[in-house]
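Okay, so here's the structure we're looking at.
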Amino acid sequence: MTATPATSATTAPAIAPAALHDPVIAWFDAHARDLPWRRPDTGAWGVMVSEFMLQQTPVARVLPVYEQWLARWPRPADLAAEAPGEAVRAWGRLGYPRRALRLHGAALAITERFGGDVPREHSQLLALPGIGEYTAAAVASFAYGQRHAVLDTNVRRVFARAAAGIQYPPNATTAAERKLARALLPAHEPTAARWAAASMELGALVCTSKNEDCARCPIASQCAWRLAGKPAHQGPARRGQTYAGTDRQVRGKLLAVLREAVAPVPLAVLDAVWEEPVQRARALDGLVADGLVEPMADDLYRLPLT
DNA sequence: CAGGCGTGGCC
DNA sequence: TGGCCAAGCCT
């Protein structure tokens with residue numbers, strides 16, 4: 001099954017799963033990064049915090065914030081006892097600050113509904129704010145050693161190439177990808193958990209989006225995409241991200257001021273971050289609507305106390 | 001379900 | 001230089 005079209009992902013895997021597991025896991029044993037959330041003394045809370053921070057954010061930027069976060073809030077109940085605005089402030093410049101709010105909300109729910117312990121069930125994790133299909137599987141697998149298909153952008157890219165023979169996965173996760181991921185999952189629970197971490201790391205370090213390093217890939221000899229001559233991406237253009245001049249940029253500037261402030265900020269100070277008044281007002285309203293900013297009397301604003 | 005949502009480093 | 005990219009989630 002070389003030079004396979006994208007639809008081939010719906011069929012049985014081209015490769016015997018077992019022929020993939022051993023080399024990828026062996027490669028992981030030799031080359032896995034020593035990341036703090038992978039250390040044996042890391043509890044489920046640490047894993048969960050790392051997963052929130054790593055959503056759309058590179059490891060290098062997460063590391064220092066992660067360490068400070070866990071030192072300050074070593075258990076979910078510690079974070080739950082804080083004002084949500086403190087989570088937003090401690091989030092710093094990681095980006096997508098709604099994640100901080102959702103992590104705080106998740107800590108609150110864990111404290112109230114699960115006695116302060118991160119739940120083990122995928123369905124219970126999925127019900128927490130900020131946790132979707134990927135993060136629920138990741139926490140269940142990495143923190144609790146369970147057998148779940150962990151489909152992040154790295155794994156999806158590895159599977160697209162190795163099994164489907166295409167350069168990039170579809171824009172949105174498809175049923176075919178889930179089916180393939182389940183078919184490739186080792187039956188043995190601890191092996192499945194190891195495989196999840198290993199296949200993700202392979203995508204992060206070797207089978208990267210650009211400049212993939214097939215010479216260091218443990219399954220290069222089996223990779224459908226490489227065997228097909230690495231054909232260029234055919235399908236619809238991949239979703240890009242605009243930023244300059246968008247509301248997002250304005251929101252970022254407004255929130256940066258509020259994060260640094262130790263006292264409520266006058267509207268006049270916020271007005272200074274962006275020239276255009278209509279967009280500026282829309283951005284501020286959006287932050288308030290999202291619960292990231294709390295309006296007070298006398299045109300004063302602050303990070304949310306509740 | 002396509003689009004909104006931050007930030008900074010890299011080639 | 002600037003578009004692309006980085007362990008997604010939510011509506």
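Labels below follow one simple rule: chain letters A, B, ... track the order of the sequence lines, proteins then strands, and each chain is numbered from 1.
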> A:Gln56: what forms a side chain to side chain donor-acceptor pair (under 3.5 Å) with it, not counting sequence neighbours?
Replying inline: none
>> Just to verify, what does A:Asp213 make a side chain to side chain donor-acceptor pair (under 3.5 Å) with, not counting sequence neighbours?
In response: A:Arg216
Nearest-angstrom distance from the residue atom [atom1] of [X] to [atom2] of [N]:
X        : N     : atom1 : atom2 : result
A:Leu125 : C:dG8 : CG    : P     : 17 Å
A:Leu54  : C:dG8 : CG    : P     : 8 Å
A:Leu103 : C:dC9 : CG    : P     : 13 Å
A:Arg238 : C:dC5 : CZ    : C1'   : 9 Å
A:Glu212 : C:dC5 : CD    : C1'   : 15 Å

> Mapping A:Asn171 and A:Asp247 onto DNA chain B by nearest heavy atom, which one lands closer to the 5' end?
Replying inline: A:Asn171
> Mapping A:Arg102 and A:Glu51 onto DNA chain C by nearest heavy atom, which one lands closer to the 5' end?
Replying inline: A:Glu51
>> With nearest nucleotide decided by heavy atoms, which residue, A:Ala136 or A:Ser209, maps closer to the 5′ end of DNA chain C?
In response: A:Ser209
> When you look at A:Arg75 and A:Thr111, which way does the side-chain hydrogen bond (donor to acceptor under 3.5 Å, both in side chains) test go after all the steps?
Replying inline: CA-CA 9 Å; A:Arg75 300 163 304 176; A:Thr111 303; over 6 Å; no
In whole Å, what separates the [atom1] atom of [N] from that of [M]?
N     : M      : atom1 : answer
C:dA7 : B:dG3  : P     : 22 Å
C:dT1 : B:dG8  : C1'   : 15 Å
B:dC1 : C:dG8  : C1'   : 15 Å
B:dG6 : B:dC10 : P     : 23 Å

I'd like a table of atom pairs between the protein and nucleotides 7-11 of chain B - only N or O on both sides, under 3.5 Å - with the distance next to each one.
| from | atom 1 | to | atom 2 | distance (Å) |
| --- | --- | --- | --- | --- |
| B:dT7 | O2 | A:Arg61 | NH1 | 3.2 |
| B:dT7 | O2 | A:Arg61 | NH2 | 3.1 |
| B:dG8 | OP1 | A:Arg93 | NE | 2.3 |
| B:dG8 | OP2 | A:Arg93 | NH2 | 3.1 |

>> Which heavy atom of A:Tyr66 sits nearest to which heavy atom of A:Gly46, and what is that distance?
In response: CE1-O, 3.3 Å
> Would A:Glu51 and A:Tyr134 count as having a side-chain donor-acceptor pair, cut-off 3.5 Å?
Replying inline: yes
>> Side chains of A:Trp274 and A:Gln279 only: does a donor on one sit below 3.5 Å from an acceptor on the other?
In response: yes
> Which is true for A:Trp91 with a 4.0 Å heavy-atom rule: it touches a base, it touches only sugar-phosphate, or it touches nothing?
Replying inline: nothing
> What nucleic acid atoms does A:Leu35 come within less than 4.0 Å of, heavy atoms only: base, sugar-phosphate, or nothing?
Replying inline: base
> Is any side-chain N or O of A:Arg156 closer than 4.0 Å to OP1 or OP2 of C:dA7?
Replying inline: no
>> Does a side-chain N or O of A:Ser50 approach OP1 or OP2 of C:dA7 to a distance below 4.0 Å, or not?
In response: no
>> Under 3.5 Å, is there any donor-acceptor pair linking the side chain of A:Arg98 to the base of C:dG8?
In response: no
> Is A:Thr57 side chain donor-acceptor paired with the B:dG6 base, going by distance under 3.5 Å alone?
Replying inline: yes
> Is the NZ or CZ atom of A:Arg102 positioned over A:Phe52's six-membered ring, under 6.0 angstrom from the centre and within 45° of the axis?
Replying inline: no
> Taking 4.0 angstrom as the limit, do A:Lys230 and A:Glu212 come out as a salt bridge?
Replying inline: yes
